[in-house]
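Inspection log for the structure reproduced underneath, given as structure tokens.
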Amino acid sequence: MDKRYDHKLYEEKIYSLWEKSGAFTPKIDPKKKPYTIVLPPPNASGRMHTGNVLMIAIEDLLIRWKRMQGFSTLWIPGTDHAGFETQITFERTLKEKGKSRFDFDRNTLYKKIEEFVLENKGLIEEQIRNMGASVDWSRYKFTLDPDVIETVVNTFEKLHKDGLVYRDNYMVNYCPICGTTFADLEVKHKERKDPLYFLKYGPFSLATVRPETKFGDTAVAVHPDDKRYKQYIGKEIEVEGLLSKFKLTVIADTFVDPKFGTGVVKVTPAHDKNDYEAGLRHNLEIKPVIGLDGKLNENAGKYAGLAVTAARKIIVEDLRKKGLLEKIDENYIHTVAVCYKGGHDIEPTILPNWFVKVKKLKEPAHNAVKEGVVKIYPKWQESKYHRWMESMQDWPISRQVVWGIRIPAWYDINDNKNLLITFLNNKKETVSGEIGKLSEKYSFEEIEKGLQTLIAPQSAKYVIAAHKPKGEFLQETDTFDTWFSSGQWPLVTLGYPNSKDYKYFYPTDVLETAWEILRLWVSRMIMFGIYLTGKPPFKDVYLHGIVRALDGKKMSKSLGNVINPEEYQEEFGTDALRMGLISGTANGKDFNFPRDKVISFRNFANKVWNIGRFLSIVLEKEGYKKYDDLLSYSKDMESKLKQEDKDLVKKFDQLTKDVNTCLGKYRFSDAAEVIYHFMWDDLASNYLENNKNRVDKDVTLSVFRHVYFNSLKLLHPFMPFITEAIWQELKNQRKYPEQLLISSSWPENM
RNA sequence: GGAGUCGUGGCUCAGCGGUAGAGCGUCGCAUUCACAUUGCGAAGGCCGAUGGUUCGAAUCCAUCCGACUCCACCA
């Protein structure tokens, strides 16, 4: 053995040793208990980040521990297509080539993104390997694998049959100039100076930047505690308008800031997110005044057909003439939402979206945690779950992205003449409009082939089917929210509903992930799990903290503080990185990247290595070349043992108990610490130093060898590479030289 | 604006009702000993502030100050 442990010489070889041995793939054995973890799939849009690395370290630790304890352990790897995020990343590469998503029809774009993702997927798989993850590669899944899509589509069909799916208006970020919707992620907030108009509104005066939305007002709101307006709450007021007099109800809502402007707000549910939500709370009518073309619609009377900015000027002028404009604040600075693509103003608009009724799904999911059928660790995260469950509204599951699983709804174009479509014709020109008119000019085939987007009015007739029905049907162009499909991840990875895997391994044991996605992901998995199988998909949820940068802030490209875990892996070894990260997160709280700890565990690795080196040198020197040459440790040696031998064995016994207890409670860093101190202080500094010159060499070496090998077992789930490396180096000193440490059995209490 | 987490030695953190702990760093000493990715030793903290509960508080409660994070972003 070399003087120092060099991780670069061992890690790759050892991983392939494990993989070839078949240790990663469990046997379905009814006599054994299963222990299952499904890896939260990293996004295939880029390399893994530090958080993913921590996740792998923790899950591999649990899996190796249980595997050594004799469970039939399964850890399923996978990657996620990550809808929006991937599509945005891909579009950046398109932009570099001077192109955009609008240059392609839907199917072509999908294929291009798919090629892009295939490259990234490979990178992530390699990283998972480099981390030493003992995942079962034979069960690897990607969220867009055909069988995954099939299950997700089936679930949607079932939801539909059960009456839990509906279409309804939903507020989206719509850009009238680009003619498409944008995700919140794609919307930029810009500070800008705009005139703030003070309008006379019946008995009130109120401030607005957008007088042109006046025709969509369906209420006026004040703060419930505002004494000035208390008498009006719940009453109808009459307002002099540009078109005619109209009546509005005064509502009270805390979203109104009494200090802003006059403390009175006009409520336009169709074109403002805040107002939209207030509208839902107060059951207000939604009255759109701006169409998808960015022009005022028929609700604006004589102003119909004018574009928003042009309309504003004319309307302000007319208000002034009528004496309804009280004053203008020209220096008002506020933030406006603009689209990332062209910087155009976003027009919050309501469009029909697909929804899942959540009530029936969330109640059992809520109860499962309340009743402890699913336990959340650390406990203090549980309140977040309950608060979310209590406030959860119906779930909008449709996304206006190409990269995802397309919603299996079909529109017969002959029954839905008013479908709004955008497509590329055979000359690659963008054409948009109502299908009724367009199909007079273009064949169905040409439209279908070049289709980019389709917007069906809420009244549209549709069929839900996995495959295209006979006739002139166009499929919905919206895709499922990523969380709709990944919410079924434990089921799809196990081959629900009929596979052997599903029957044996479901429900899984623990779901380990970042607390950030408790709401987005964990809650959905519990909902779907119970809905489809009657059982929650896992028994425990362990939520780890977020790894922040060295400066204590969240890592971000713009701050330039992103830590590339691979640099640490390269310099200090995978084991040190894993152990450092694990001991950084004591109780699931966020923590700064523990650079010092990574270094300290690199040092520890070397210590562990040198204990082994010492052992092998001494055994060689004393002539104990093979396992059988030396007295092997056993219970009936008791009479020969000295007090220090007994103490060491006793301490090791306690260590085993402590490690089991800590791991059972997901207290990983506590477990790491006790092993660290046992091996360094008790075993190396004390026992080894104090017993170097004993006369009864056979006894002390026997005790030492025994305790050391068993310590390696306890350490293996934390630092798999170095422990296996030593295990192999000391082959001849083991009873079963061919056995790998990964497949060896966990120490029993002695 | 709403919510959450955290303020403990120079740094990063553990402890969460009963005499202040770890790693790293610092300082001093040691060295052909398995290991300098080492050994031995030392210095260094009225546990953010102020009140309260208690026989007793870093640990529980309240208020304040500060840091970080998520969500909603202003008519």
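Side-chain atoms are counted along with the backbone in the values below, which use heavy atoms only and exclude waters and symmetry mates.
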Please list all pairs meeting ring pair (Phe, Tyr, Trp, His ring centres under 6.0 Å) that have one or both residues in residues 559-592 of chain A, counting only residues at least two apart or in different chains.
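Found A/Tyr568-A/Phe593.
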Taken in chain and number order and not counting sequence neighbours, the residues that satisfy ring pair (Phe, Tyr, Trp, His ring centres under 6.0 Å) with A/Tyr708 are none
I need the full list of salt bridge (charged side-chain N to carboxylate O under 4.0 Å, His left out) pairs touching residues 576-593 of chain A, with sequence neighbours left out, sorted by first then second residue.
A/Asp60-A/Arg578
Pair pattern of RNA chain B in dot-bracket, where unpaired bases get dots and | marks partners in another strand, Watson-Crick or G-U under 3.5 angstrom:
((((((((.[[[[.)..(..]]]].(((((.......))))).....[[[[[..)....]]]]])))))))....
Nearest-Å distance, CE (A/Met579) to C1' (B/A22)?
13 Å
When the [atom1] atoms of [N] and [M] are considered, how many whole Å apart are they?
N	M	atom1	result
B/A20	B/C46	P	13 Å
B/A42	B/G48	P	27 Å
B/C11	B/A62	P	29 Å
B/C29	B/C68	P	42 Å
B/A72	B/G1	C1'	8 Å
B/A22	B/C61	P	28 Å
B/C40	B/C35	C1'	15 Å

For the pair [X] and [Y], name the ring-plane relationship: parallel under 30°, tilted 30 to 60°, perpendicular over 60°.
X	Y	answer
A/Phe709	A/Trp727	perpendicular
A/Tyr229	A/Tyr232	tilted
A/Trp521	A/Trp483	tilted

List for me each residue that meets side-chain contact (heavy atoms from CB on, under 4.5 Å) alongside A/Lys665, sequence neighbours excluded, and say none if there are none.
A/Thr661, A/Arg667
Once you apply a heavy-atom cut-off of 4.0 Å, does A/Glu689 come out as touching a base, just sugar-phosphate, or nothing?
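Base: the residue A/Glu689, judged by heavy atoms under 4.0 Å, touches a nucleobase.
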Considering every strand and a 4.0 Å limit on heavy-atom distances, what is the contact class for A/Val265: base, sugar-phosphate, or nothing?
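Base: the residue A/Val265, judged by heavy atoms under 4.0 Å, touches a nucleobase.
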Can you tell which of [options] lies closest to the side chain of [X]?
X	options	result
A/Ala684	B/U37, B/A34, B/G23	B/A34
A/Tyr676	B/U37, B/G23, B/A34	B/G23
A/Arg602	B/U37, B/G23, B/C33	B/U37

Within 6.0 angstrom of A/Lys327 NZ, more than 12 heavy atoms from elsewhere:
no
Pair of N/O donor and acceptor under 3.5 Å linking B/C35 base with A/Lys3 side chain:
no
Tell me the closest heavy-atom pair linking A/Leu324 and A/Glu240, and the distance in Å.
CD1-O, 3.6 Å
Mapping A/Arg613 and A/Asn603 to their closest nucleotides on RNA chain B, which lands nearer the 5' end?
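With A/Arg613 and A/Asn603 compared, the 5'-side residue is A/Arg613.
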Protein proximity profile, nucleotides 4-17 of chain B - base contact B, sugar-phosphate-only contact S, no contact -, cut-off 4.0 Å on heavy atoms
SSS----BSSSS--
